[in-house]
Amino acid sequence: MRRASACLGQPSSAAVIANSRIAWFGRLGRIDAARKVFDEMPERTIVSWNSLIAAYFLNRQPKLACSLFERMPQRNTASYNAMISGYVKLGRLADAQAVFESTPDPNVVSWTSMLRGYVWAGAIDDAEALFRRMPEKNVISCTVMLAGLMQDGRIDDARQMFDEMPEKDVVARTSMITGYCQVGRTAEAREMFDEMPRRNVVSWTAMISGYTQNLQLDLARKLFEVMPEKNEVTWTAMLTGYTQAGRVEEAENLFKMMADKPVIACNAMIIGFGQKGMVTQAREVFDQMLGKDDGTWSSMVKVYEQNTFQLEALDIFRSMQMAKIFPTHPSIISILTVCAGLAIIDYGKQVHAVIIKLDIDSDVYVVSALITAYVKCGNLAKAKKVFDMFDGKDVGMWNSMITGYAQHGLGEEALKVYLDMKLMHMAPDEITYIGVLSACSYSGMVKEGKEIFKTMTTNSVVTPRAEHYACMVDMLGRAGNVDEAMDLIRNMPVEADAVVWGALLGACRIHKRLEIAEIAAKRLLQLEPWNSGPYVLLSNVYASSRRWEDVEKLRKSMSSRNVSKAPGCSWTEVDKFVHMFTGGDVLAHPEHEIIIGMLERLDGLLKEMGYCPDGSYVLHDVDEEQKAHDLRYHSERQAVAFGILKVPEGMPIRIMKNLRVCGDCHSAIKLIAKITGREIILRDANRFHHFKDGSCSCRDYW
DNA sequence: AGTAACACCC
């Protein structure tokens, strides 16, 4: 009788204290401590069970929460609600729905939790239907519905609902402010803000961050200065406003003034410095931080990656693992991008193992990044295997695979994937078409390409953009139909951009169409005066027609306009170690003696086969590589020599280069592949070249 | 004492 009264009547004060301890530990993430309190309680109440269920959900253990729910002697509506909201927060809408339907006496909290679930899932129609069926509504349920409407872009519907609400509190008003700001209507947000009878720090912060997101930084700063009380979030909002607008100095000033620097502000500072190329300062913030989170590590990885400190990016990722920080999605994606960028397949495989171990191999973004990494490492078979095994591919993942095949010149494979995609009733998007069209282009499938382009232009969902026309110009140009390509440009409904003209210029180089080349180059120089690409291409056109004076004129105008190319650099991975080569300095590598020996041997063999260097590529890369050209030691050639020395017989030699491969080296490497019987896979800035038996997969057109 | 809504980083 005593126990029953503990459950049904007034609980003892000891039980009340223990219950709040359970909730407290749950919120702190100390689920074991919460469980211990529960286990040691002499008398448990329904609230004890409810609190522990909520704690399990907070700590992402729905199974334990569920078994507790099934075992509890008595339930009330709050017990069901804890289950519903727990499932909703984990995104398990179907489970939430099942509990909701079995709730004997749902109250407004049950309905609101369910409503929140639909909104979270983006099922606004279902949310609205549920909302209409609700027997009782209050200001909270209305606010959830408001947020749903705004998330769906229906700000004016939200406003109407807001106006009809019998009671509006500070949360509902703040939610409207955020909604207005999200669609760029900061003036209306400000009106709402000014009319608020009561404001808290959150309302002020919402208004400030609304301004910063709409790049109205000075308005944000004014509010920031006059607001009565700020918290960490307010400071962080103002600071990230500055970093995102590229105003890193002002961000830094705020950062210095902050008493407690939250992780988020530090992370924003790291990214902000990184965007300005201030890698050292970013690293300083990183080193001074005590509580780094996954965002910190992935930000630092990203800073290194984006400032071409790829090896440092790898180092930091390694330190992260040494510090026993489990990488989560963002850092995994960043490091896969590094692997893809460097094309280091062994490292990529290790990351793949980590992905499987951490059980995140069902995340579509992570797996897409993995596929791209395998593609960029030249391992298409592995990419395809990962692709095939993945359930729930989104259009982005299909695009990764199609584009991957296209970049390797495997047009037919790309088309096969495209057909599979259509069989699966997955709708292609603009990127898909860029992938298949470029695949057709690389493989000379003009007829197929034209048909697909026709399908796309009649398909109302995707409107062709300049990129699609660029693919078509490229395709026609490669096939020798330069005039048809020119006609297409004249008649295209969108304005031709640099990519389109660049494709035309490339075709002119191969087919020696001087008059059209000049038209294209002139347009290109107008569109992108800073870009060295058109200079180089035009120079090659002139050179192939032996117009040396024009080559010289061009070189002069290039240096007077301060156009210069990034120094050429190639690298290869041997024994999980990345070896870099720059054009000018073969002596930089510790094993330069044997590399030079191999280069000289190859030169001899090439000469025996009657190979003579092609002078038309003189302007390919200026300065550093130009010097090296005379020595025939372009960076890609050094890397090939090193690969022949170090990569076991029978294994392909994989080389990466930051610029497009030099034409002379391209011819030479074809022969080197033949002489040595080696397969050489070279990834340049644009595409892949598979050299085998004296020929290249690009069919000498890239 | 437990169950539902608003703001900041990647």
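Letters go in sequence order (proteins before strands), and every chain restarts at 1.
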Electrostatic pair Lys222(A)-Asp218(A), nearest N-O below 4.0 angstrom: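 No, Lys222(A) and Asp218(A) are not salt-bridged.
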Chain A contact limits on DNA chain B, taken 5' to 3' with a cut-off of 4.0 angstrom to heavy atoms: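 Reading along DNA chain B, I get dA1(B) to dC10(B).
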How about [X] and [Y]: are their ring centroids closer than 6.0 Å?
X         : Y         : result
Phe100(A) : Trp111(A) : yes
Trp297(A) : Phe317(A) : no
Trp235(A) : Phe224(A) : yes

Look at all strands and tell whether [X] reaches a base, only sugar-phosphate, or nothing, counting heavy atoms closer than 4.0 Å.
X         : result
Gln244(A) : sugar-phosphate
Arg27(A)  : sugar-phosphate
Asn76(A)  : base
Lys89(A)  : sugar-phosphate
Ala147(A) : nothing
Asn107(A) : nothing
Val144(A) : sugar-phosphate
Ser20(A)  : sugar-phosphate

May I have the list of side-chain donor-acceptor pairs in residues 319-328 of chain A shorter than 3.5 Å, sequence neighbours left out?
unit_1    : atom_1 : unit_2    : atom_2 : d
Ser319(A) : OG     : Asp315(A) : O      : 2.8
Thr328(A) : OG1    : Asp294(A) : OD1    : 3.4
Thr328(A) : OG1    : Asp294(A) : OD2    : 2.4

Qualifying ring-ring contact (aromatic ring centres under 6.0 Å, His included) pairs with a residue from residues 160-195 of chain A, counting only residues at least two apart or across chains: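 Those involving residues 160-195 of chain A are Phe193(A)-Trp204(A).
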